[in-house]
Amino acid sequence: MIAAGADEAGGGRAGHDRAAYTHLAPVSTARSLVRTEGSSGVRHRRLGSRRESMTISHDIALLSQRRAEHSGACTAKCPECATGSSGCAARRPAPDSRRHAAGAPMKTLSIADILAGKAAPGDAVALQGWVRTRRDSKAGLSFVHVSDGSCFDPLQVVAKSDLPNYADEVQRLTTGCAVRVLGTLAASKGKGQAVELAAGVVEVVGWVDDPETYPMQPKRHSMEYLREQAHLRPRTNLIGAVARVRHTLSQAIHRYFHQHGYFWVHTPIITASDCEGAGEMFRVSTLDLANPPRTAEGRVDFGQDFFGREAHLTVSGQLNVESYCLALSKVYTFGPTFRAENSNTRRHLAEFWMVEPELAFADLNDDVALAEDFLKFIFRAVLDERADDMAFFAQRVEKSAISRLEALVEADFARLTYTEAIAALQKANVAFEFPVSWGMDLQSEHERWLTEHHVGRPMAVTDYPRDIKAFYMRQNDDGRTVAAMDILAPGIGEIIGGSQREERLDVLDARLDEMGLPKEDYWWYRDLRRFGTVPHCGFGLGFERAMMYITGVENIRDVIPFPRTPRNADF
RNA sequence: UCCGGCAUAGCUCAGUCGGUAGAGCAGGCGGCUGUUAACCGCCUUGUCACAGGUUCGAGUCCUGUUGCCGGAGCCA
């Protein structure tokens with residue numbers, strides 16, 4: 001589905017055609033490229049001083065001179081160059097380009113800065129980035145789209161044939177070449193962009209070896225192929241946008257908690273604790289696998305291992321963060337977590353990031369309120385700060401990418417107990433694959449129906465049967481449910497799961513016994529209930545799941561830079 | 001882990017009933033144009049995933065292996 005069809009030349013690309021525009025998409029998400037009104041004021045702040053302008057002019061002259069010298073040296077060293085061989089290593093200016101850069105005192109502007117109006121037409125500007133496309137005009141100029149990743153849009157460089165290295169280098173630029181361009185920002189004479197850079201100097205910082213086999217060709221690639229080129233795929237439109245949104249979402253998460261008085265607790269990656277619950281864990285060991293020490297019974301003697309006991313990668317920071325919650329009151333953990341489950345689906349990773357806040361002197365109502373406020377804040381931040389990338393997702397990946405986020409941000413979350421939800425599902429005139437009965441866990445189809453059809457907006461389902469939930473969730477007075485909650489959202493289903501924690505030692509112990517969990521393994525967790533216990537609650541948000549929801553990207557492997565899945569830890 | 005699908009040029013794919021392989025893009029050369037994934041002409045490129053089997057003959061049919069994808073389970 002991902003790469004159906006081969007009509008890269010034609011139109012009629014559906015919104016779900018994820019591969020089509022991953023690389024060079026001329027998608028115009030640039031709106032007000034340069035604010036003409038008042039832009040001179042901005043310019044003065046950044047580049048307008050006489051001294052800076054002179055520096056830039058000097059820089060251009062300097063680089064021109066060095067370019068000329070360099071070309072001469074190249075020809076002398078390399079007879080092949082004269083024949084026009086493009087693969088000649090000796091002609092490549094890479095070593096010299098360091099000198100060029102070192103000798104350039106001018107401040108380089110990012111494309112994001114330029115498009116934000118920090119330079120105005122007429123300003124001298126230095127730009128550095130990677131070539132997306134080159135289009136030549138025999139009339140004596142080339143159009144080179146350069147991207148530096150600072151924002152979605154590339155900047156068009158107009159290079160004229162009077163450049164000293166025009167025929168020798170500019171016309172040999174291919175997709176992926178790294179360039180540094182000094183020039184003058186100008187209002188574009190063409191359509192499709194408001195401004196462009198009239199090049200005074202085009203310096204090739206890094207050539208592309210063998211352009212024919214450069215993996216990121218200016219065409220559609222399948223998502224599967226891009227995963228195999230994970231080191232180069234950030235140069236595509238899609239993965240670049242994902243990377244920027246990931247950053248913005250991460251920053252928004254930290255900002256939300258910081259602004260609301262939560263402390264970020266760095267819970268451990270390696271855990272020797274046995275009490276993190278079910279789920280296969282990755283073992284951490286320094287033992288010689290071929291010849292491990294054995295106990296008298298013939299078992300592997302982990303007492304001789306690095307930590308003196310078995311150790312694993314964490315599957316959740318929750319239990320650890322609870323201990324800091326019962327001291328700092330409002331805390332959260334945000335880091336990588338690991339599951340060694342052999343689950344190969346589009347929604348699972350062996351290594352993923354999780355956000356887990358924990359709040360003391362608080363109950364399930366506070367938990368739901370926090371989740372709602374938190375989700376609205378972080379989604380709003382992405383909409384506000386990455387409008388360019390979100391426009392791309394809405395245009396090329398998932399039509400409703402923006403609208404459903406806006407709907408969530410505006411919505412008043414509904415609330416339903418599990419028992420009420422089951423009643424509603426049983427009354428629904430819908431043929432569910434899994435029959436509905438009290439005591440069962442809600443399937444994805446049930447969650448989707450509840451949030452999309454029953455209430456038609458984001459919702460919290462609370463108070464689930466105790467028998468289908470974890471040992472640490474607080475038992476309700478009815479004796480058969482626990483104070484757990486899931487946040488469900490249209491278009492995805494469950495996005496957050498949380499609970500009020502069992503703060504009563506006797507109830508917790510009874511629960512541990514019931515589930516056959518050895519109390520001694522939970523000694524420090526139980527201590528928290530012995531020494532100044534308080535009602536507290538928290539929830540977990542899978543960061544990549546949130547990324548999928550935001551971007552509409554269907555496979556979780558494409559919203560994380562280097563995905564780890566069964567049989568795949570390349571890069 | 002289970003079920004299903006797929007594997008052909010650097011990339012995206014076509015390949016009919018079994019008869020030794022094709023298009024577009026990329027790349028090269030030329031033309032044309034303030035171009036917009038430009039366009040036009042010509043040219044270059046193959047261990048048909050791997051290992052067996054059936055057959056006069058296998059990209060095509062059969063078996064196995066590996067990898068990838070989707071769904072389920074598990075979950076975030």
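It should be emphasised that the depicted structure is a prediction, and the values quoted were computed from it without experimental measurement. Below, chain A is the first sequence line, B the second, and so on; all start at residue 1.
Side-chain contact between A:F352 and A:T337: present, with at least one pair of heavy atoms (C-beta onward) separated by less than 4.5 Å.
In this structure, the nucleotide among B:A37, B:G70, B:U36 sitting nearest to the side chain of A:R346 is B:G70. Taking the side chain of A:R347 as heavy atoms from C-beta on, and the options B:G27, B:U36, B:A72, the nearest nucleotide is B:A72. Closest contact between the side chain of A:E224 and the listed nucleotides B:U12, B:C68, B:G73 involves B:C68. Here B:C75 is the nucleotide among B:C75, B:A72, B:A38 with the atom lying nearest to any side-chain atom of A:R339. Comparing B:U12, B:C75, B:U35 by their closest approach to the side chain of A:H348 singles out B:C75. Checked against B:U12, B:G73, B:C11, the side chain of A:Q443 finds its nearest nucleotide in B:G73. Each of B:A72, B:G70, B:C68 was ranked by its minimum atom distance to the side chain of A:R567; first place goes to B:C68. For A:Y225, counting side-chain heavy atoms from C-beta on, the closest listed nucleotide (B:G10, B:U35, B:G27) is B:G10.
By the side-chain hydrogen bond (donor to acceptor under 3.5 Å, both in side chains) test, A:R346 pairs with no residue at all, sequence neighbours left out. For A:Y332, the side-chain hydrogen bond (donor to acceptor under 3.5 Å, both in side chains) criterion is met by A:H254, not counting sequence neighbours. Residues satisfying the ring-ring contact (aromatic ring centres under 6.0 Å, His included) test with A:F377, not counting sequence neighbours, are A:Y256. For A:H446, the ring-ring contact (aromatic ring centres under 6.0 Å, His included) partners two or more places apart in sequence, or in a different chain, are A:F432.
In the interface, the side chain of A:Q217 is not paired with the base of B:U12 through any donor and acceptor atom under 3.5 Å apart. With hydrogens and angles left out, the side chain of A:Q193 and the base of B:U36 share a donor-acceptor pair within 3.5 Å.
To the nearest whole angstrom, the two C1' atoms, one in B:A23 and one in B:A9, are 11 Å apart. Annotation: B:A7 and B:C13 have their P atoms spaced 10 Å apart (nearest Å). Rounded to the nearest Å, the gap between the P atom of B:U20 and that of B:G28 is 34 Å. Atom C1' of B:A58 sits at a distance of 14 Å from the matching atom of B:U8, rounded to the whole Å. Spacing between B:C62 and B:G10 at atom P, rounded to whole Å, works out to 27 Å. Nucleotides B:G22 and B:U16, compared at atom C1', are 14 Å apart to the nearest Å. Taking the P atoms as reference points, B:U44 lies 37 Å from B:C56, given to the whole Å. The P atoms of B:G19 and B:U60 are separated by 11 Å, rounded to the nearest whole Å.
Heavy atoms of A:E544 sit nowhere under 4.0 angstrom from any nucleic acid atom. As judged by a 4.0 angstrom heavy-atom cut-off over every strand, A:R557 is placed among residues touching the sugar-phosphate backbone only. A:G540 comes within 4.0 angstrom of no nucleic acid atom, judged by non-hydrogen atoms across all strands. No contact: A:L541 has no heavy atom under 4.0 Å from any strand. In this structure, A:T337 reaches neither bases nor backbone, as no heavy-atom distance under 4.0 Å exists between it and the strands shown. Within the nucleic acid shown, A:F434 comes within 4.0 Å of sugar-phosphate atoms alone, with no base atom in reach, counting heavy atoms only. Using a 4.0 Å heavy-atom criterion, one finds that A:E356 contacts no nucleic acid atom at all.
With salt bridges taken as basic N to acidic carboxylate O contacts below 4.0 Å, one links A:D558 and A:R233.
Distance CD (A:Q171) to C1' (B:G30): 13 Å, rounded to an integer number of Å. When rounded to the nearest whole Å, the span between CZ of A:R396 and C1' of B:A37 equals 11 Å. Atom CD in A:E228 sits roughly 15 Å away from atom P in B:A49 (whole-Å rounding). Remark: C1' of B:G71 and CD of A:E445 are 14 Å apart, rounded to the nearest angstrom.
Using bins of under 30°, 30° to 60° and over 60° for the plane-to-plane angle, the ring pair A:F374/A:F539 lands in the tilted bin.
Of the two residues contacting RNA chain B, namely A:S343 and A:N568, the nearest-nucleotide position lying further toward the 5' end is that of A:N568. Residue-to-nucleotide proximity on RNA chain B shows that, of A:E196 and A:L173, the 5′-proximal contact is made by A:L173.
Annotation: A:W449, atom CH2; neighbour count of heavy atoms from other residues, nucleotides and ligands within 6.0 Å is above 12. Within a 6.0 Å radius of OH in A:Y324, other residues, nucleotides and ligands contribute 12 heavy atoms or fewer.
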Read 5' to 3' with Watson-Crick or G-U pairs under 3.5 Å, [ ] for crossing pairs and | for partners on another strand, RNA chain B gives (((((((..((((.....[..)))).(((((.......))))).....(((((..]....))))))))))))....

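The phosphate of B:A72 has neither OP1 nor OP2 within less than 4.0 Å of any side-chain N or O from A:T345. Considering only side-chain N and O atoms, A:R172 lies nowhere under 4.0 angstrom from the phosphate OP1 or OP2 of B:G28. Within the 4.0 Å cut-off from OP1 or OP2 of B:A72, not a single side-chain nitrogen or oxygen of A:N344 is found.
Aromatic pair A:H312/A:F282: centroids not less than 6.0 angstrom apart. A:F257 has its ring centre no less than 6.0 Å from the ring centre of A:F334.
Scanning residues 142-151 of chain A for heavy-atom distances under 4.0 Å to RNA chain B yields A:F143, A:H145.
For the pair A:R404 and A:Y549, the cation-pi test (distance below 6.0 Å, angle within 45°) is passed.
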